[in-house]
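The block underneath contains the structure these notes are about, expressed in C-alpha cells.
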Protein chains: 2
Amino acid sequence: MSDKATITIKDVARVAGCGVATASRVLNASGPASAEMTERVRRAAEDLGFSFNAIGRALQSRRSRTVGCLVPSLANPVFGEAMQGVQDQLRAAGYQPLICASNYDEDIDEDMLRTLLAQKVEGLIITMAVPARSAALKVARASGVPVSLMFHDPIDGFASAYVDNAAAAREVARQFIVRGHHRLGFLALHFASSDRSQSRYAGFRDECRVAGLAEPALIEISEREARCPDMIANVLRANPEITGLFASNDFLAIAVQNAAARIGRRVPQDLSVIGFDGIDIGHLLSPSLATIETDAGAMGRQAAHSLLIAMQNGEMHQRPPLPFVFRAGATLAAAPEKKDGDRDAPQSPSVHQASVPTKTRTNS
Amino acid sequence: MSDKATITIKDVARVAGCGVATASRVLNASGPASAEMTERVRRAAEDLGFSFNAIGRALQSRRSRTVGCLVPSLANPVFGEAMQGVQDQLRAAGYQPLICASNYDEDIDEDMLRTLLAQKVEGLIITMAVPARSAALKVARASGVPVSLMFHDPIDGFASAYVDNAAAAREVARQFIVRGHHRLGFLALHFASSDRSQSRYAGFRDECRVAGLAEPALIEISEREARCPDMIANVLRANPEITGLFASNDFLAIAVQNAAARIGRRVPQDLSVIGFDGIDIGHLLSPSLATIETDAGAMGRQAAHSLLIAMQNGEMHQRPPLPFVFRAGATLAAAPEKKDGDRDAPQSPSVHQASVPTKTRTNS
DNA sequence: ACCTCTAGTGGAAACGTTTCCACTAGGATC
DNA sequence: GATCCTAGTGGAAACGTTTCCACTAGAGGT
C-alpha cells in the first residue's frame, strides 16, 4: 500500500517525460508550459501522489516560509489564544508558525531562539520570560531576522503588539477610586521579571498619586505561592487596610476571592478585586469578575501582520497599542464604610459622580 | 554589525584550513580528528559565529528532527498543557515540535497534516477535530510516519495517550448515584464529532443501566450556545427532572452553574454538577467544582514518549490509559428530597454508605 | 530569404549538509 | 624490508528543489 520510496519531482518528470525544470514550472505555475505538457505533468504528479518536499524547497530558495514563535507558556490560555491568532494570520499568507514555549525559563528562551534561527525562520514573534537585559533578545537582533514582540511594551526599538499596561492600570485605579476606595494594592506574579507587571504597577501608582492617595501596596508572590490559597490568605491578612486589590491576572484574582473567603472576608463587601486579561469564564463566575478585558487573539494577529509586512519591505512599524476595555463585575463595589479615622482621601478631579460606568473603552 | 552573508560550514573549513568533511566531523564529534585540527575548527566556528543550518542538515540526512503536532485549539488550556508536555519530552530527545491548531475545522485538520508531512516531520502527535472517518487520519496513515494520538480512545490501530473516558464517566455516574440522584443528564459539546464525548456518554449510560436508573438525558449544545448562558438556562428549564448533570468539560460546568443561578436553581441543593478535565481554578471557585481530574501534560508526555520509541525501533505500543481522579467538590451534593412519586431507584450494590468519598483513584 | 522574437523546453548549478570513499603517513607486526 | 593496520584527512556525491541559461522551432517582420 505505501510507497516503496519517497517520490520526488524527478519521478514526476520521468513519468511525464520531461525535464525537472519543466515539471517544477508546471507544478508551481512559475513559467511557460504548453497545455499538453501541463496536463501530462499534472497527471503524473497526481498518479504518483507527489507532494513537494518543503525542505528541499527551503534550502534552494532560502525561504523557509516559516516564522518562529516563542511564548512563556502554552498552558496559559492567553498565550494560546495569541498563538491561534498568529497562526490564522500567517496561514493566510502562506506561512507556518513554529511554536515554542520557554516555560518562563530564561535559558530555554535563548536556546529556543537559537533553534528557531537554525531552522531559518524568516521572522520571529516573541513574548519573553524576562525581556529586560535578555540574552535572547540580543540573539534575535543579531540574527537580522525581523522581530515582532507580543504583550511587551515596545522595548529597545522592537515593535510590539500590546495593550498599554500603564493606561489600563490607571483605569483600574480610577475604577477603585470612583467607588471611594483609597487603600489599594497590586498583587503581582513574576514582578521582578515582568515588564508588564512593572508597567501596570507604575500606572496604578501614578493614578493613585494623581488622586492624592497613599502609595498602593506592591505585593509580590511566586507562582508556587499563587497556587496555594493559604499563602494568599496570609497576604490578605498582612494587609488588612487594603479594600481594593488589583491582581496581575484573572486567575490570580479568582484565587484572591477564594483566599478572602477562607479568612472570612467577603468580596466585594469587604474587599473589591479587579483582574487582568478578561478570560471568558470571568463572566460566568459568581460573583462575576471585574477585569481589564484584552484580546489576545488580536495581539497575535497584529504581531503576525506587522511581521509579514516587515518581511516584505523590511520596514517594521510600531502600531498603536491595542484597545482594552474595563469590564465591570460583581467583585468590584463601593469601599466599605471606614471604621478607623483614616485621613480623608481627596477625590480625583475627573470624578463627577458615583454612578458606576459599565464599560469604558479606550485605546491609549 | 550584522554579517554580510550567512556563514556556512565551508567558511569554517576555509578559515580553519581544512576540508568541509573534517569541519563537519569536528563540529559533530562524529569522526576522528587530531587535537590540533579540532582546536582550529572550534576556534574558527566560534570566531565566525557559525551555527548549523538545520535545513541543509535535514535535507542531506533525511532527518528533520521534527515532530508534527496537531490539536483542535490552542486557546483551550487543556491542549496547551498537553503541548507543553510534548515539547518537554521531545526537547529532551533533541526533537522539536511543529505545533498546529485546526480550530475544530476538519478541512484545516487535513491541510495542516499535509503541511506537516511536507516538512518531513519524523512523527505525528494528533488530536483531531473529527476522528471518525477522518480524511486526516488516512493521510497520516498513508504517509508511513509513526503516529501517536492524544485524548482520543485508540482508533483504527493507532496508539493513543488518553484517559478511559467511559470508565471516568462511569465513575461520575456512581458518584451521582451514591448520593441518591436518579435522574441524570449529560451535557455535550461537539457530541456528533467527538469520540470522547461519545465514549463518556456510553460509560455514563452503562452505569445508569447497571444501577437500574432511567437512561440519562443526552443534551447536545453547540459551541455558540455554550457561550450564551440563557441558552443553557433554557436547556435546564427544559429538563426540570434532572438533579445531576455531567458536563463535557469544566468550563461548561461553570457555565451551567451560572445558568442555574439565573433561573433560581441552586447548585448543589437543587442541581449537582460534575465537570471534566480538572482545570486548576476549579478548586478555587465557590462552590468548588466537582470534576474528573486528568493530567493533560502527562498525556502529552506519554504521546511523545511512545512516539519517540516508535521512531527508533518502528514499534508503536499502546500503553494503558492514563489515570484519572474524581475530585470531590461543592457542586456535588445529595439529591434533593423527591417531591413527586418517582419510582425508587435501586442503589448500586457496591454502595455501602452515604459517606462521601473524597478522592477515588483509578487507572482503568 | 534573412533576421528577430517568443514560447517551450531541459541541462546543470546551486543551496548547506553529511558521509562514502580514497588517500597519505606513520607505527606495529611479521 | 615488506605488509598491514589505523588515524587523520579531503574530494565529491548525494539529498530535492528552483532557476539561470542555452537551446530549438516556429512565427512574424523586413
Practice problem: For B:R57 and for A:M37, find the nucleotide of DNA chain C with the closest heavy atom, then tell me which residue's nucleotide is more 5'. | Solution: A:M37

Quiz item: Taking atom types as modelled and ignoring hydrogens, do the side chains of A:R91 and B:N103 form a donor-acceptor contact shorter than 3.5 angstrom?
Solution: no

Practice problem: Please map the stems of DNA chain C, keeping only stretches of three or more Watson-Crick or G-U wobble pairs with both distances under 3.5 angstrom. | Solution: C:1-30 with D:1-30

Quiz item: Looking at A:M150, A:R319, A:Q318, which hits side chain to side chain contact (heavy atoms under 4.5 Å, CB included) with A:S160?
Solution: A:Q318

Quiz item: Once you round it to whole Å, what is the distance between P of D:dT17 and CD of B:Q119?
Solution: 13 Å

Quiz item: By side-chain contact (heavy atoms from CB on, under 4.5 Å), which residues pair with A:A44, not counting sequence neighbours?
Solution: A:V12, A:V15, A:A16

Quiz item: Would you find a donor on one side and an acceptor on the other, under 3.5 Å apart, between the side chain of B:S24 and the backbone of B:V20?
Solution: no

Quiz item: Under 3.5 Å, side chain of B:R65 to main-chain N/O of B:E122, donor-acceptor pair present?
Solution: no

Quiz item: Do the side chain of B:T22 and the main chain of B:C18 share a donor and acceptor less than 3.5 angstrom apart?
Solution: no

Show the distances under 3.5 angstrom between N or O atoms of the protein and N or O atoms of nucleotides 12-15 of chain C.
unit_1, atom_1, unit_2, atom_2, d
C:dA14, N3, A:Q60, OE1, 3.3
C:dC15, O2, A:Q60, N, 3.2

Exercise. Measure from the side chain of A:F52, starting at C-beta and using heavy atoms only, and say which of C:dT18, D:dT17, C:dG10 lies closest.
Key: D:dT17

Practice problem: Pick base, sugar-phosphate or nothing for B:S64, based on heavy-atom distances below 4.0 Å to the nucleic acid. | Solution: nothing

Self-check item: Candidates B:Q89, B:Q87, B:R63 - the one meeting side-chain hydrogen bond (donor to acceptor under 3.5 Å, both in side chains) with B:Y95
Solution: B:R63

Exercise. Provide the closest heavy-atom pair for A:M128 versus A:S134 in the form atom of the first, atom of the second, distance.
Key: SD-OG, 3.4 Å

Quiz item: Between A:N28 and A:R25, is there a donor-acceptor pair closer than 3.5 Å when you use the side chain of the first and the backbone of the second?
Solution: no

Quiz item: Rounded to whole angstroms, how far apart are CD1 on B:I55 and C1' on D:dT18?
Solution: 14 Å

Exercise. Could you state the atom-to-atom distance from CZ of B:R14 to C1' of C:dG16 in whole Å?
Key: 15 Å

Quiz item: Under the criterion side chain to side chain contact (heavy atoms under 4.5 Å, CB included), which of A:L113, A:D109, A:V71 is the partner of A:I126?
Solution: A:L113

Quiz item: Under 4.0 Å between a side-chain N/O of A:T22 and OP1 or OP2 of C:dT9, yes or no?
Solution: no

Practice problem: Determine yes or no for a side-chain-to-main-chain donor-acceptor pair under 3.5 angstrom, with A:S102 supplying the side chain and A:I108 the backbone. | Solution: no

Quiz item: Quick one: does A:T115's side chain have a donor or acceptor within less than 3.5 Å of a partner on A:D111's backbone?
Solution: yes

Quiz prompt | Interface residues of residues 27-36 of chain B with DNA chain C (non-hydrogen, below 4.0 angstrom) | solution = B:N28

Listed pairs, N/O of protein and of nucleotides 21-26 of chain D, under 3.5 Å:
none

Quiz item: A:K120 has an atom NZ; how far is it from atom C1' of C:dT17, in whole Å?
Solution: 12 Å

Exercise. Using atom CD1 of A:I9 as one end and atom C1' of D:dT19 as the other, report the distance to the nearest whole Å.
Key: 12 Å

Exercise. Could you pull out all residues at least two apart from A:S73 that satisfy side-chain contact (heavy atoms from CB on, under 4.5 Å)?
Key: A:A75, A:N76, A:Y104, B:Q84

Quiz item: Within the distance-only criterion (no hydrogens, no angle test), does the side chain of B:S143 pair as donor or acceptor with the backbone N or O of B:A140 below 3.5 angstrom?
Solution: yes

